Protein chains: 2
Amino acid sequence: MCFYTDLMFTQSEENYLKAIFHLEQEGEAGVATSNLSEQLQAKAASVTEMIKKLADKNLVDYQKYYGVRLTENGRKQALNIVRKHRLWELFLAEHLGFKWDEVHEVAEQLEHIKSEKLIDSIDKLLGYPKNDPHGDPIPDKNGNLEKKNKSLLSKCKPGDSGVIIGVKDTSSSFLQYLDKQHIAIGTKFTIQHKEPFDGLLDIDINTKQLKMSHKMAANLYVETNESSS
Amino acid sequence: MCFYTDLMFTQSEENYLKAIFHLEQEGEAGVATSNLSEQLQAKAASVTEMIKKLADKNLVDYQKYYGVRLTENGRKQALNIVRKHRLWELFLAEHLGFKWDEVHEVAEQLEHIKSEKLIDSIDKLLGYPKNDPHGDPIPDKNGNLEKKNKSLLSKCKPGDSGVIIGVKDTSSSFLQYLDKQHIAIGTKFTIQHKEPFDGLLDIDINTKQLKMSHKMAANLYVETNESSS
DNA sequence: TTAAATTATTAGGTTTGCCTAAATTTTAAT
DNA sequence: ATTAAAATTTAGGCAAACCTAATAATTTAA
Ligand SMILES: [Mn+2]
Ligand SMILES: [Mn+2]
Ligand SMILES: [Mn+2]
Ligand SMILES: [Mn+2]
């Protein structure tokens, strides 16, 4: 029996594996061609074609018309790319002074560099970190991904307090908006009031009172010590 | 007038530009298709094809059957790739503990990453270095390449002393051989004797006497204070 | 100065990863 | 249950960057 565990993949194949990995987490069902098409900025026909190639290589299980799921090996490969992406993002932030809205684009390129020694050295240099600049967990060398139970700030109730541990939307515009309000990973907060009509929050954050929109709160992951209700 | 100075190139185009740059330095004549073919591990027919594409983009001057030379713009682009290659090599050596025989392969990949901010940050992190781990000069941001007059150790005469400033052969095997003899960039030497028959050197190096073959000496660049003869 | 050898170019294919347009299947709406 | 809409797949092409084999130009050697 041979699992072809350590072949090399093209950049495009790697991008597909990563995209499937991310979309898979949205549910149990197969990842739809159209979703991949949108994520990868490619036409559906191109996606179908590549999916078939990945299926031939036993990286995905594919049922025509019903989408695709990663195999165990496919997941392992995807996690390796995610690991590289997040380590590079953190390296750029910690060692080269990149802001958290600047790291993603470059990491999209760096994640495809093929050198185990390189990424292990970066890992070591960073002190075997657990999270990237956006709070996302970094898989370890063996593909173990810590699964912290994070909830959305928008789900919190008045009286709840906690810490920002991640962002859902990682677009530059959102990240820059957070910068402007001095909200970052690790920032502590307490919810004072929540408007029933539109979910607008009165929130203590950075020793200031802030009105936070529902949309913003729905893009911030938090860890809470829930208030006893 | 438009020089198309800042377009993006494919990895393959970049590799051709770099190869032409290196081969150009061997003389004034056009770089031959066959030399590029060997350097790039591609068949001559493929080289001709790519050369035509580069000529269309005004990156090279091409005369059928007489080889190719970089245009001013082509040279600028090539220097930028060389700059990235050498900065990455030094980064790998200085910050990630790579040995000088390990850096080249990874730098071949990293040199194609497209981010001016990234390479400028690496440059800054390294303190705007002048030379890579093999002693080769690093072009600055504007494409200025310091032209030190280096000579070969094999050309030295008895009584000459100086410093190793670079290697001609950068193969792993040669670099590892140098390691074994504790010869590195910066190592000082004095020539004691040179055998007329085969050019074998008796040389003081690392406070030891060493017999050095002509072949080895012919792959070491040195800076000398020539002995008054 | 010619003929042979070498080098380079052209012609015609292949593979990868895209695309559009047409056909098929699934899903949603009467 | 039918039909319309939406999603997916198939068919047929294209460009990049390779390749081999055939042809042409240049160089070298007789
Ligand atoms: Mn990212
Ligand atoms: Mn991230
Ligand atoms: Mn190198
Ligand atoms: Mn070098």
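Bear in mind that the values here come from a model prediction, so they are computed numbers and not experimental data.
For dT26(D), the OP1/OP2 oxygens have no side-chain nitrogen or oxygen of K64(B) closer than 4.0 Å. For T48(A), a side-chain nitrogen or oxygen approaches OP1 or OP2 of dT9(D) to under 4.0 Å. Applying the 4.0 Å criterion to OP1 and OP2 of dA24(D), one finds that Y65(B) has every side-chain N and O outside that range. The phosphate of dC18(D) (OP1 or OP2) has a side-chain N or O of S12(B) nearer than 4.0 angstrom. Residue Y16(B) places at least one side-chain N or O closer than 4.0 Å to OP1 or OP2 of dC18(D).
Within the structure, every pair that satisfies the salt bridge (Lys or Arg N to Asp or Glu O under 4.0 Å) test and touches residues 82-93 of chain A, not counting sequence neighbours, is listed here: R83(A)-D120(A), R83(A)-D123(A), R86(A)-D132(A).
Distance NZ (K52(B)) to C1' (dA11(C)): 10 Å, rounded to an integer number of Å. Between the P atom of dT16(C) and the CD atom of E13(A) lies a distance of 9 Å, rounded to the nearest Å. In this structure, F9(B) atom CZ and dA16(D) atom C1' are separated by 16 Å, rounded to whole Å. Across the protein-nucleic acid pair, E49(A) atom CD and dG13(D) atom P stand 15 Å apart, rounded to whole Å. The separation between Y66(A) atom OH and dT24(C) atom P is 17 Å, rounded to whole Å. In this entry the distance linking CD of Q11(A) with P of dA16(D) reads 18 Å, nearest Å. For M50(B) and dA15(D), the CE to P distance is 16 Å, given to the nearest whole Å. Going from atom CD of E14(B) over to atom C1' of dA16(D) covers 15 Å, rounded to whole Å.
Ionic pairing of R75(A) and E24(A) is not present here: no N-O contact between side-chain nitrogen and carboxylate oxygen is shorter than 4.0 angstrom.
Rounding to the nearest 0.5 Å gives a distance of 7.5 Å between CG of L90(A) and NE2 of H95(A). Atom-to-atom distance recorded for D198(B):CG and K215(B):NZ is 14.0 Å, nearest 0.5 angstrom.
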### Task
Let me see the working for Y221(A) and K148(A) under side-chain contact (heavy atoms from CB on, under 4.5 Å), right down to the final yes or no.
CA-CA 11 Å; Y221(A) 290 120; K148(A) 212 186 297 186; over 6 Å; no
### Message
Using the rule given for ring pair (Phe, Tyr, Trp, His ring centres under 6.0 Å), can you reason through F91(B) versus F91(A), listing the C-alpha separation, both sets of side-chain angles and the distance that settles it, and then say yes or no?
### Response
CA-CA 13 Å; F91(B) 169 77; F91(A) 169 77; 5.6 Å; yes
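Near DNA chain C, meaning a heavy atom under 4.0 Å away, the residues from residues 29-43 of chain B are A32(B), T33(B), S34(B).
Both Y62(A) and S46(B) lie near DNA chain D, and the one whose nearest nucleotide falls closer to the 5' end is Y62(A).
Panel note: side chain N80(B), backbone K76(B); no donor-acceptor pair is recorded below 3.5 Å.
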